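Below is one structure; the comments refer to it alone.
Quantities reported herein were computed from a predicted structural model and do not represent experimental measurements. All chains are named by letter (A, B, ...) in the order of the sequence lines, taking the proteins before the strands, and each is independently numbered beginning at 1.
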Number of protein chains: 2
Amino acid sequence: MNIGDVANRTGLPAKTIRYYEEINLIKPLRDANGYRRFREQDIHKLNFLGRARALGFTIEDCRTLLALYEDESRASADVKRIAREHLGQIDAKISDLRAMRDTLGHLIDACAGDDRPDCPILRDLGGKT
Amino acid sequence: MNIGDVANRTGLPAKTIRYYEEINLIKPLRDANGYRRFREQDIHKLNFLGRARALGFTIEDCRTLLALYEDESRASADVKRIAREHLGQIDAKISDLRAMRDTLGHLIDACAGDDRPDCPILRDLGGKT
DNA sequence: ATGGGGGTTCCAGCCACAGGAAGGTCAAGG
DNA sequence: CCTTGACCTTCCTGTGGCTGGAACCCCCAT
């Protein structure tokens, strides 16, 4: 399979697949003409990576998770620890975003949104008077 | 005021302040020795920028908001539109993150986290079998 | 004179790719 | 046989919003 087919099958852009090879996440074979040739195991790894990325894991986490996935003697505790740390970061981000949304929401509600210059949003950003 | 004092007063790193000058958000004066000299209006702008950034506005949004802030004949509708668009992006991000958190949370709960290799998290990433 | 704590510029790096140029390869159709 | 067009290749640049560091200058106190 060439990269285009793999892109179709995995949903990952060809650019991304090339990038994953460059950073040694996958190692597809090469045909005589220089084209990458992907085996089923490569595609399987790419799907793994796609799902892990969709859950927001960093590339380095993905690398570790992939290694654990292929290590039959792994301890699930290692996987769980990585996942929990990541969950913590997600929660932190969510609460940051919620704080922003709350503040911003109040300001927006307070703003007339007409053609006059008076604006609580700018007043707040400018230091509340 | 030199950049160090301004950094202390605004809470912004000196590096960031220099960067904001580089991208023309502020234009501090220069002393004979080449040091930046900040006026109160520069500090006011920096505080504005700090608060806008803390609400998650992009630099380009900040630039626009600052221009509106200084435009006495602005229409608050313009400000509100920018804020609402930004709010939309925040909400989108929050819901992405919540989806991630939910999936990840379930997987973590299902994982024993001991020294055995069996792991629902990896099973899911690997394609659920 | 020297030491230390400011300041300056410029360059590299971060993350995870995306866009695009310049060129090689392959199968189908005329 | 030649062309066309869809692939593929590598390489370089850019993204956002800074951050770190090198190499150097400036000023004040000892």
According to a strict under-4.0 Å criterion, is [X] in side-chain N/O contact with OP1 or OP2 of [N]?
| X | N | value |
| --- | --- | --- |
| A:Thr58 | C:dC15 | no |
| B:Tyr20 | D:dG17 | no |
| A:Thr16 | C:dA18 | yes |
| A:Asn33 | D:dT9 | no |
| A:Arg36 | D:dT10 | yes |

Rounded to whole angstrom units, what separation is found between the [atom1] atom of [X] and the [atom2] atom of [N]?
| X | N | atom1 | atom2 | value |
| --- | --- | --- | --- | --- |
| A:Glu60 | C:dG13 | CD | P | 17 Å |
| A:His86 | C:dC15 | NE2 | P | 15 Å |
| A:Asn2 | C:dC26 | CG | P | 10 Å |
| B:Arg63 | D:dC18 | CZ | P | 12 Å |
| B:Tyr19 | D:dG16 | OH | P | 8 Å |
| A:Asn8 | D:dC8 | CG | C1' | 14 Å |
| B:Asp31 | D:dC26 | CG | P | 13 Å |
| B:Glu22 | D:dG17 | CD | P | 14 Å |

(request) State, without any angle test, whether A:Ser76 and B:Asp118 hold a side-chain donor-acceptor pair at a distance under 3.5 Å. (result) no
(message) Can you identify which nucleotide, out of D:dC18, C:dC17, C:dT9, has its nearest atom closest to the B:Arg18 side chain?
(response) C:dT9
(request) Could you please name the option among D:dT19, D:dC8, C:dC17 that lies closest to any side-chain atom of A:Arg53? (result) C:dC17
(message) Does this structure show an ion pair linking A:Glu21 with A:Lys27, if we count only N-O contacts that are shorter than 4.0 Å?
(response) no
What is the nucleic acid contact for [X], judged by heavy atoms within less than 4.0 Å: base, sugar-phosphate only, or nothing?
| X | result |
| --- | --- |
| B:Arg30 | sugar-phosphate |
| A:Phe57 | nothing |
| A:Ile3 | sugar-phosphate |

(message) Would the base of C:dG24 count as contacting A:Tyr35 through its side chain, where contact means a donor and an acceptor less than 3.5 Å apart?
(response) yes
(message) Between the base of D:dG17 and the side chain of B:Lys15, is there a donor and acceptor pair under 3.5 angstrom?
(response) no
(request) Anything under 30° is parallel, anything over 60° is perpendicular, the rest tilted; go ahead and classify A:Phe48 against A:Tyr69. (result) tilted
(message) Are A:Ile82 and A:Phe57 packed together at the side-chain level, in the sense that at least one heavy-atom pair is separated by less than 4.5 angstrom?
(response) yes
(message) Are A:Ile3 and A:Tyr35 connected into the same hydrophobic cluster when the rule is that any two of I, L, V, M, F, W, Y join if their side-chain heavy atoms are below 4.5 Å apart?
(response) no
